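Structure record follows, encoded as structure tokens.
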Amino acid sequence: MPASAPLHFDGSFADWKRVARAALASGVAPQQAHWRDAGAAQIELALDAPAPERIVPLADPDLAAPSPRVPRAFLDLAEDVARHRDPARWPLLYRALWRLTHGEPHLLANPADVDTHALHTLAKAVHRDIHKMRAFVRFRERATEAGPWFVAWFEPQHHIVEANAPFFRDRFASLRWSILTPGRCVHWDPDSRSLRFTPGASRADAPADDAAEDLWRTYYASIFNPARVKVDAMLAEMPRHYWKNLPEAALIPRLLAEAAPRVQRMVARSAEQSAAAAPTPGELEGRARPPATGDLAILAEAAASCHACPLWRAATCTVFGEGPREACIVLVGEQPGDHEDRVGKPFVGPAGRLLDRALAAAGIERSACYVTNAVKHFKWEPRGKRRLHATPNAREIAACRPWLEAELAAIRPGLIVCLGATAAQSVLGHALRVTEERGKKLPGPFGASALITVHPSALLRLPAGIEAEAEFQRFVADLRQIREVPDARPSEQLPGSPPAST
Ligand code: URA
């Protein structure tokens, strides 16, 4: 039967270290150690340990031979872990200390180890609570003879008040304040420039409201953006546990309930505004119809002044297709991106580079293909200084379709490669699911086949967990089908087409 060692300490990390050092010096193995935390009402930690037969006498910590050498990283991690509320942290810390000093000095370098993983999980929860306290402490002003006193009530999940006190001291150095919590309170006095800690308090000791609170609530309601509400993300950032002490939290259910109708009103307003900005019938008449020619240069020139939908207003230029008129293959993307809009050529940005790599891997020369887009203007939304891609809507795709038709009619390819759903919709005239039709050749316009595959930019933003290389190879496999296309193409020419070069 192993002997048992009841290890009494005052519940602080400093005292745990003192006792742990003595236990280590006395050879107390982790399974013998019964940590008795005076601050936690003598919780029995090793519940399933056999009944003690003999008590292990501890070495006098002051006399104990040299302190065990452990990595600095362990001490830092252990200090964080000690702030967790879980009583199992003390035996866990001791087990890790024992292993580090008994032949496993690199224990912490193995994230798959059960103890290492548990230590990091506890430390992470503590860091999160520290962060939440910084975000969610709300001071209320109390008038006193000595001047204003700012008092906050907060309910941390772990023992973090001491760790967080310097942050609040530095942030509010010139104010007199107290943060009251159930376990520990901290007070700052700018005159004596000292932090003072006192035992826990109760909610009733803190003021319930103050004059500034209405102002704060009004401000919060005014910055609440109903179009940006993501309830899951909001709950992850602002867990319900903290709500009861946040003055603005009382507003949240109402603001959430009103979010959908507010967004509908915003959308309706913006539709009215875009209708007002839409082209006049006169503009459409004069500038949106491709000339009846198979000459790609003339088509490109005409498209440069197309105003058939409002996208031309925010774009730098029309990005027309590019490549030989005698190409057997036409690659169709969605719309130019930021790079393409500046350069005036299709697929020259990050998605274009990925496409080039995939074509090369599939053994296809890009220069032998005609490359274009379903929509010829860059549609974007401002995000700070950046222009973020916005998906064209059905009306914009339809407005641009005559230009794509004119390109296809001029080239008469054997195969049209639809890169993504917008391209497929424009080429085939109806929506489809790329995930279901991918890799298939469907009947396309002008007697061509339409090969359905993904848009290369989808490979640039794969969700976590999807293997990028495998997806790239799938894309290459789709593109390899291009090689099966016979070189010949239907011979009819449109009126006005220049003779095809050979
Ligand atoms: N994405 C597209 O669909 N087309 C381009 O030209 C560039 C990016």
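Basis for what follows: all heavy atoms, side chains included, without hydrogens, waters or symmetry-related copies. For ligands, and for the atoms within them, numbers begin at 1 and follow the listed sequence. For clarity, every value in this text was computed on a predicted model and none was experimentally measured.
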Check your understanding: Given H389, E340, E334, which one has a non-hydrogen atom that is nearest to atom 7 (C) of ligand 1?
Key -> E340

Review point. Going by the angle between their ring planes, with limits at 30° and 60°, are W312 and H307 parallel, tilted or perpendicular?
Key: parallel

Study note, to complete from the structure: One finds that the ligand 1 atoms under 4.0 Å from a non-hydrogen atom of N373 are 2 (C), 3 (O), 4 (N), 5 (C), 6 (O)

Exercise for review: Start with the C-alpha gap between T116 and N110, add the side-chain angles, then the distance that decides, and say whether side-chain hydrogen bond (donor to acceptor under 3.5 Å, both in side chains) holds.
Suggested key: CA-CA 7 Å; T116 303; N110 177 8; over 6 Å; no

Practice item. Would you confirm whether the ring centroid of H131 sits within less than 6.0 angstrom of the ring centroid of Y242? Key: no

Review point. If you draw a 6.0 Å radius around CZ in R134, do more than 12 non-hydrogen atoms from other residues or ligands fall strictly inside?
Key: yes

Practice item. Please determine if E407 and K376 form a salt bridge, counting it only when a charged side-chain N lies under 4.0 Å from a carboxylate O. Key: yes

Review point. F347 to ligand 1: N or O pair under 3.5 Å?
Key: yes

Review point. What atoms of ligand 1 come closer than 4.0 angstrom to any heavy atom of G333?
Key: 3 (O)

Point to revise | Close approach, H455 and ligand 1, non-hydrogen under 4.0 angstrom | key: yes

Study note, to complete from the structure: Closest to atom 5 (C) of ligand 1 among protein heavy atoms sits Q335 O, 3.4 Å

